[in-house]
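Step one of this worksheet: look at the structure below.
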2 protein chains.
Amino acid sequence: MSTAQGARARARTEVTAAIKEEARRHLAKEGAAKLSLRAVARDLGMVSSALYRYFPSRDELLTALIIDAYDSLGEAAEQARDAAADSAPVARWTAVCEAVRGWALAHPHEYALIYGSPVPGYAAPQTTVPAAARVGLVLIGIVRDAREHGGLSELPLPAGLRPEAERMAADLAPELPPESVAALAAAWAQLFGLVSFELFGQFNNVVEDREAFFRHAAMGLAQGVGLR
Amino acid sequence: MSTAQGARARARTEVTAAIKEEARRHLAKEGAAKLSLRAVARDLGMVSSALYRYFPSRDELLTALIIDAYDSLGEAAEQARDAAADSAPVARWTAVCEAVRGWALAHPHEYALIYGSPVPGYAAPQTTVPAAARVGLVLIGIVRDAREHGGLSELPLPAGLRPEAERMAADLAPELPPESVAALAAAWAQLFGLVSFELFGQFNNVVEDREAFFRHAAMGLAQGVGLR
DNA sequence: GTCTATAACGAGATAGAC
DNA sequence: GTCTATCTCGTTATAGAC
């Protein structure tokens, strides 16, 4: 009995994976806006109604793809952090930044899915939040470690931002000073600005040696959050 | 004759504008990937073949929308610069940053068109380049002015980036030191990272007082390029 | 219980004949 | 420029295979 259960569960996992894989291929060809359950089913040799056993709607399939992408990126960031565990915080920071860039270059369509324009008519549910938070948590962790070892500079905080910075700190990283949390959120967005500009073609005719350029910019971000 | 010509030309301009306006509405509803000449024509009470008298293809219509969006944003940035012409470079810098953000919030779908995920199957032609460059040129101009008045700090430049920074400076702003040009390019991308994160929902549950947050981050960008 | 296939719906896009 | 026949889509109901 448990064997039969296992076989069924295994088959289900495999079909689910095959659907997502095919859907990712469609993502690359047509973009998220045009992702169609029917087309995915057709290319898998299935009938569209059969897909509903695995995903209750097109939007749920999209959500699954989004969560997978965030998780894949988050894992890349965590691995880079762990591989640089013995290095100084600044080196760990840049290693994570470069891992984010490397993942984006390797998975451009999944990157566009999560950090590009929103898909019209689709609103990401709260279930995507934990996966989406992983990269940010990695960055927070590096700053926390630096602070514990006295490697964090003090940062200015204008009076107008203090209430919001304190709220953010309470929500995201109570162990950090509010000014660091505000700087972290900015650096986080700026990191993806660099990656998006490279990936989306904004650096064409502008930046050629992107590797060297990015490395320097990531270092600048580290300074911006007070790492030294 | 010249009167008839003028009327004809005026009519053509009006119809062209109406088509673009309708296309922008479609952009908002369905996104750029699904923009279809037919649908635009239908909603204008025209027949699709008539549209080809104004735009030879869907891609050319997209290109026109993209150039318009870049120009509209560039104009907003230039106006903000001019309105703050008497202020210090840092204030001018943040004014331009806030104008970029303001324009993006007011035109989210056009912003997504130019700074979001690339449209599958569409490659922007070189004709978009001058319009796309306008914001960058505004930022360069502020740094140039600051330098002429002694308001620019010296920046570090790692040896590995020097060749690329010199190439960039030669191409983009020969009057500026290479390290400033590299820093400018990074700040430019980071500025749009901040705007994209706010607009694309990445700051949901993270940043609430976006106005104050952005103002502070824009100030940080100014520091990053050496303004003081 | 778990799955796949058939058929259908209502909405919309599209191609081509006229 | 108009009309129609034929496609697509997401989704559901239903029936039957394992």
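Quick note: numbers below take in every heavy atom, side chains included, and nothing from hydrogens, waters or symmetry partners.
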**Request:** Say whether A:Y111 and A:S196, considering side chains only, have a donor N or O and an acceptor N or O under 3.5 Å apart.
**Result:** yes
Is the shortest side-chain N to carboxylate O distance from [X] to [Y] below 4.0 Å?
| X | Y | answer |
| --- | --- | --- |
| B:D209 | A:R167 | no |
| A:R101 | A:E98 | no |
| B:R24 | B:D68 | yes |

Does [X] have a side-chain nitrogen or oxygen under 4.0 Å from the phosphate oxygens OP1 or OP2 of [N]?
| X | N | result |
| --- | --- | --- |
| A:R8 | C:dC3 | no |
| A:Y52 | D:dT11 | yes |
| A:S48 | D:dC9 | no |
| B:R42 | C:dA13 | yes |

**Prompt:** For the base of D:dG10, is there a side-chain donor-acceptor partner from A:R38 under 3.5 Å away?
**Reply:**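 It does, because a donor-acceptor pair links the side chain of A:R38 to the base of D:dG10 below 3.5 Å.
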**Asked** Hey, is the side chain of A:S49 pairing donor to acceptor with the base of C:dT6 inside 3.5 Å?
**Response**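 Flag set: donor-acceptor pair detected.
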**Item:** Side chain of A:R58 (C-beta onward), nearest among C:dA5, C:dC3, D:dG10
**Value:**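 That would be D:dG10.
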**Asked** Start at the 5' end of DNA chain C and walk down; is the nucleotide closest to A:A50 or to B:S36 reached first?
**Response**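 On the 5' side of the pair lies A:A50.
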Look at all strands and tell whether [X] reaches a base, only sugar-phosphate, or nothing, counting heavy atoms closer than 4.0 Å.
| X | value |
| --- | --- |
| A:L61 | nothing |
| A:Y54 | sugar-phosphate |
| A:A39 | sugar-phosphate |

**Item:** Nucleotide D:dG10, atom P - distance to CG of A:L37 in whole Å
**Value:** 5 Å
**Message:** Rounded to whole Å, please give me the gap between CG in A:D59 and P in D:dC9.
**Reply:** 16 Å
**Asked** Between B:M46 and A:K34, who's closer to the 5' end of DNA chain D by nearest nucleotide?
**Response**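 Comparing both residues, the 5'-ward one is B:M46.
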